[in-house]
Undergrad: 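This structure is in structure tokens; I'll ask about it shortly.
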Amino acid sequence: MTTTVRAWAAPAAGAPLEATTIVRRDLRPDDIRIQIAYAGICHSDIHTVRGEWGAKTYPITPGHEIAGTVVEVGSAVSKFKVGDRAGVGCMVDSCGECEACVDGEEQYCTGHLTWTYASEYPDGEITQGGYSQEIVVTERFALRIPESIPFENAAPLLCAGVTTYSPLEHWGIGPGSKVAVVGLGGLGHMGVQIAHAMGAEVTVLSQTTSKAADSTKFGAVAHVATADRAVFRELRESFDFILNTVSAGINLGDYLGLLRRNGAMVNVGMPTDSLPVKLPTLIGRRRSLSGSNIGGIAQTQRMLDFCAEHGIAAQVEVISADRINEAYDRVVNSDVRYRFVIDTATL
Ligand code: NAP
Ligand code: ZN
């Protein structure tokens, strides 16, 4: 017998989200059932439900920043017991056999990767995400949430946290690294805190100065407003690493010029526009331009433990479900400090 739970969903591309119910499967031997306490609103939810990332099957219940309590475990579950704190991020299943999966980088699975919502399991089940009371997921894709991080501040770590932690770890950021984070939103504010905790010197490149005090609070040494074009001249060849979290297209050439010799610009923000690059900008200083997709499951656990150890987490604004549509508009207008999190008791 399946379970019907309350949820919020987008009925069609671009339509406002509304209250509904969804069905969760019965537990398989390796599944756990999590009673969701809070679900973060990621800009990816908005890109997806508004149809900006291509056609999807509606209705869609978004949400891949999920934190809550285990309320039931399958017969073969070994990692969790009832009452444990648990989280789910962007993925709920992968093939487990391809080179990426074997390397623990399930996010690059070339077999069958199942995203937390608007995606399909190999058996045809369409996934529905965290704006709901409960989720059923294999324990392999569930994370342990450290006791010291409240659920509402932990939920955004499951996407925004790991998406910024992963490239910083992969590119070996640490003491001596000069890092710029572009865009101080959900991802950006985690990127600044994590890079700072790793020992880097961090500068925030934001559209305006309105978030400058927060940049300092998150550990940045400087907050620079890119609306003033002079900064692209003044900061030329200043950084070893630029993490671009912007949800819209930006002029990559402007930012690549800020990299020192051998510097790397890594894009995690995912607008769909094609962004032109002049190759001599890369060639002249052996700069590289790259991208990075969330993080693997083991890495996500490392990130959660790292955040707990360093006393960092997401700064959130908790909202009731009836404010989801308003929150979407505010996120698109860069008016979020710094993650909206839905209290699932209000669904
Ligand atoms: P967000 O909270 O909306 O933050 C994006 C920030 O970008 C804004 O706060 C703003 O910062 C800046 N920005 C927005 N529009 C801009 C523009 N036109 N020009 C310059 N800067 C602009 O979004 P998010 O949830 O952090 O997500 C950011 C992007 O990452 C989205 O595209 C999302 O889909 C993507 N994402 C990718 C992955 C991945 O695995 N690669 C994972 C999660 C999300 P300022 O106010 O400081 O300028
Ligand atoms: Zn996300």
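Note that the structure is a prediction, hence the values are computed from the model and not measured. Just so you know, ligand 1 is whichever comes first in the structure, and atom 1 is the first atom listed for that ligand.
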Undergrad: Any idea which atoms of ligand 1 are less than 4.0 Å away from a heavy-atom of V331?
TA: 3 (O)
Undergrad: Within 45 degrees of the ring normal and closer than 6.0 Å to the centroid, is that where the cationic atom of R144 sits relative to F80?
TA: yes
Undergrad: When you look for heavy atoms under 4.0 Å from ligand 1, do you find them on the side chain of A248, its backbone, both, or neither?
TA: side chain
Undergrad: Among the heavy atoms of A160, does any lie under 4.0 Å from an atom of ligand 1?
TA: no
Undergrad: May I ask you to say whether D214 pairs ionically with K211, meaning some side-chain N is under 4.0 Å from a carboxylate O?
TA: no
Undergrad: Just to confirm my output: which protein heavy-atom neighbour is closest to atom 7 (O) of ligand 1, and how far is it?
TA: V246 CA, 3.7 Å
Undergrad: Who's closest to atom 40 (O) of ligand 1 heavy-atom-wise, of V181, I294, V162, V204?
TA: I294
Undergrad: Out of I242, L282, L258, N262, which residue meets the side-chain contact (heavy atoms from CB on, under 4.5 Å) rule with R287?
TA: L282
Undergrad: Is the closest basic N to carboxylate O distance between E125 and R28 below 4.0 Å?
TA: yes
Undergrad: Does the distance from a Lys or Arg side-chain N to an Asp or Glu carboxylate O, for R25 and D31, drop under 4.0 Å?
TA: yes
Undergrad: Is R302 salt-bridged to E309, cutoff N-O under 4.0 Å?
TA: no
Undergrad: I want to know if ligand 1 touches G188 in the polar sense, i.e. an N/O pair below 3.5 angstrom.
TA: no
Undergrad: Could you tell me whether ligand 1 has any atom less than 4.0 Å away from a heavy atom of W53?
TA: yes
Undergrad: Tell me yes or no: between the side chains of S215 and H223, is some donor less than 3.5 Å from an acceptor?
TA: yes
Undergrad: Run down the list L205, T164, T209, T163 and name the one with the heavy atom closest to atom 42 (C) of ligand 1.
TA: T163
Undergrad: So, is the end of the R260 side chain (NZ or CZ) under 6.0 Å from the ring centre of F239 and within 45° of the ring's axis?
TA: no
Undergrad: Between T138 and D30, do the side chains contain an N or O donor and an N or O acceptor separated by less than 3.5 Å?
TA: yes
Undergrad: Below 4.0 Å, non-hydrogen atoms only: which portion of H47 touches ligand 1? Side chain, backbone, both or neither.
TA: side chain
Undergrad: Say whether G249, considering both its backbone and side-chain N or O atoms, lies within less than 3.5 Å of an N or O atom on ligand 1.
TA: no
Undergrad: Say whether Q107 and ligand 1 are in contact under the criterion: heavy-atom distance to a ligand atom below 4.0 Å.
TA: no
Undergrad: Mark up the atoms of ligand 1 that fall under 4.0 Å of a heavy atom belonging to G183, in ascending order.
TA: 7 (O), 11 (O), 12 (C), 47 (O)
Undergrad: Relative to the heavy atoms of G269, which atoms of ligand 1 are at a distance of less than 4.0 Å?
TA: 29 (C), 30 (O), 32 (O), 35 (C)
Undergrad: Taking both backbone and side-chain atoms of V268, is any N or O found less than 3.5 Å from an N or O belonging to ligand 1?
TA: yes
Undergrad: Nearest to atom 44 (C) of ligand 1, what protein heavy atom do you find, and at what distance?
TA: S44 OG, 3.2 Å
Undergrad: Quick one: look at C159 and ligand 1, take heavy-atom pairs under 4.0 Å, and tell me if it's side chain, backbone, both or neither.
TA: side chain
Undergrad: Between R337 and E317, is there a salt bridge with N-O shorter than 4.0 Å?
TA: no
Undergrad: What protein heavy atom lies closest to atom 3 (O) of ligand 1? Include the residue and the distance to one decimal.
TA: H43 ND1, 2.7 Å
Undergrad: Under a 3.5 Å threshold, yes or no: a donor from one side chain and an acceptor from the other, between Y108 and D103?
TA: no
Undergrad: Nearest to atom 26 (O) of ligand 1, what protein heavy atom do you find, and at what distance?
TA: L187 N, 2.8 Å
Undergrad: Of all the non-hydrogen atoms in the protein, which one sits nearest to atom 19 (N) of ligand 1, and at what distance?
TA: Q207 OE1, 3.5 Å
Undergrad: Using the ring of each side chain (for Trp, its six-membered ring), is Y338 parallel, tilted or perpendicular to F218, with breaks at 30° and 60°?
TA: perpendicular
Undergrad: Under a 3.5 Å threshold, yes or no: a donor from one side chain and an acceptor from the other, between D45 and Y117?
TA: yes
Undergrad: Quick test: of every protein heavy atom, which one is nearest to atom 2 (O) of ligand 1, and how far off is it to 0.1 Å?
TA: G186 N, 2.9 Å
Undergrad: Taking the basic N atoms (NZ, or NE/NH1/NH2) and the acidic carboxylate oxygens, is any pair closer than 4.0 Å for E134 and R33?
TA: yes
Undergrad: Restricting to under 2.8 Å, identify the protein N, O or S atoms around the Zn ion (ligand 2) as residue plus atom.
TA: C42 SG, H64 NE2, C159 SG
Undergrad: Between S334 and Q207, which heavy-atom pair has the shortest distance, and what is it?
TA: OG-NE2, 3.5 Å
Undergrad: Which residue owns the protein heavy atom closest to atom 10 (C) of ligand 1, what's the atom, and how far is it?
TA: S334 OG, 3.4 Å
Undergrad: Check the side chains of Q35 and T69 for a donor-acceptor pair under 3.5 angstrom, ignoring hydrogens and angles.
TA: no
Undergrad: What about S292: any of its N or O atoms under 3.5 Å from an N or O on ligand 1?
TA: yes
Undergrad: Indicate whether any N or O donor in one side chain lies under 3.5 Å from an N or O acceptor in the other, for S210 and T208.
TA: yes
Undergrad: For ligand 1, which atoms sit closer than 4.0 Å to a heavy atom of S206?
TA: 45 (P), 46 (O), 47 (O), 48 (O)
Undergrad: Looking at D93 and R140, is any side-chain nitrogen of the basic one under 4.0 Å from a carboxylate oxygen of the acidic one?
TA: yes
Undergrad: Looking only at protein heavy atoms, which one is nearest to atom 28 (C) of ligand 1, and what is the separation?
TA: T245 O, 3.0 Å
Undergrad: Which ligand 1 atoms are under 4.0 Å away from a heavy-atom of R339?
TA: 24 (P), 25 (O)
Undergrad: Any idea which heavy atoms bring E106 and G296 closest together, and the distance?
TA: OE1-CA, 3.4 Å
Undergrad: Within ligand 1, which atoms have a heavy atom of N293 less than 4.0 Å away?
TA: 40 (O)
